[in-house]
Amino acid sequence: MSTNFAYPSTRFEPTGPVDLSSKVERERLSASALKGFFNIAAKWGLKDEDSRELLGGVSSSSFYEWKKNPERLLDIDRITRISFMVGIYKALHTLYGDQLADAWVRLPNKNLIFGGRSPLQYMLTGGLISMQTVRRLLDARRGGV
């Protein structure tokens with residue numbers, strides 16, 4: 001006798017991914033994304049030059065203007081980069097206590113992915129793809145693959 005399994009009914013509908021090609025969606029997300037990014041950079045103790053690189057190579061003048069006034073429209077690449085940073089931050093704080101979670105990105109790491117470098121060095125040299133890799137690694141570690 002065969003038994004059919006199904007997820008229980010719910011009144012909640014899953015939402016689809018945010019359409020980052022929509023200017024309206026990017027306008028809605030940009031300021032809070034930048035504020036979140038600057039908060040994470042401060043918690044991680046990042047140098048401004050490293051923060052600029054993680055944002056995709058932003059000039060000094062733009063970076064400080066964004067820091068002073070985050071009310072602006074970001075492009076898809078920058079919102080994606082910030083999204084990876086937020087996901088990494090969240091995963092680290094799920095896996096570790098606050099002190100280790102905030103230091104983890106700067107610590108040398110023996111994982112083959114990093115080759116003895118810190119995750120920060122790995123992300124700085126590898127850009128967006130490396131940020132995605134770190135995010136996936138941490139999501140896998142916390143069981144959220």
- Mind checking what makes salt bridge (Lys or Arg N to Asp or Glu O under 4.0 Å) contact with Arg52, not counting sequence neighbours? none
- So which heavy atom on Pro108 is nearest to which on Gly116, and how close? CB-O, 3.6 Å
- Message: To the closest 0.5 Å, what do you measure between CD (Glu71) and CD (Glu27)?
- Response: 11.0 Å
- Rounded distance (nearest 0.5 Å) linking atom CZ of Phe37 with atom CE of Met85: 5.0 Å
- Query: Between CD of Glu25 and OG of Ser30, what distance do you get to the nearest 0.5 Å?
  - Reply: 10.5 Å
- Hey, are Asp139 and Arg136 close enough for a salt bridge, meaning a charged N less than 4.0 Å from a carboxylate O? no
- Task: Can you measure from CZ (Arg81) to CD1 (Ile76) and round to the nearest 0.5 angstrom?
- Result: 13.5 Å
- Item | Check: Phe38 ring centroid to Phe63 ring centroid under 6.0 Å | yes
- Query: What closest approach, in Å, do Ile82 and Ala33 show between heavy atoms, and which atom pair accounts for it?
  - Reply: CG2-O, 3.4 Å
- Message: I'd like to know if the side chain of Arg26 reaches the main chain of Leu74, judged simply by a donor and an acceptor atom lying under 3.5 Å from each other, with no hydrogens or angles considered.
- Response: yes
- Least distance between heavy atoms, Leu34 atom then Pro70 atom: CD1-O, 3.7 Å
- Message: Check whether Asn69 reaches the backbone of Glu65 with its side chain - one donor and one acceptor, N or O, closer than 3.5 Å.
- Response: no
- Check the pair Leu54 / Leu46 against side-chain contact (heavy atoms from CB on, under 4.5 Å), numbers first and verdict last. CA-CA 10 Å; Leu54 289 172; Leu46 300 182; 3.7 Å; yes
- Message: Could you measure the distance from the OH atom of Tyr122 to the CG atom of Leu137? Nearest 0.5 Å is fine.
- Response: 9.0 Å
- Message: Has Arg106 got a side-chain atom pairing as donor or acceptor with Ala103's backbone, closer than 3.5 angstrom?
- Response: no
- Item | side-chain contact (heavy atoms from CB on, under 4.5 Å) between Trp104 and Leu138, worked out | CA-CA 11 Å; Trp104 186 87; Leu138 292 170; 4.0 Å; yes
- Query: Just by modelled atom types, is the Ile129 backbone N or O under 3.5 Å from a matching donor or acceptor in the Thr133 side chain?
  - Reply: yes
- Task: Output yes when a side-chain donor or acceptor of Arg78 lies under 3.5 Å from a complementary backbone atom of Leu55, and no otherwise.
- Result: yes
- Report the distance from atom CG of Leu100 to atom NE2 of His93, rounding to the nearest 0.5 Å. 9.5 Å
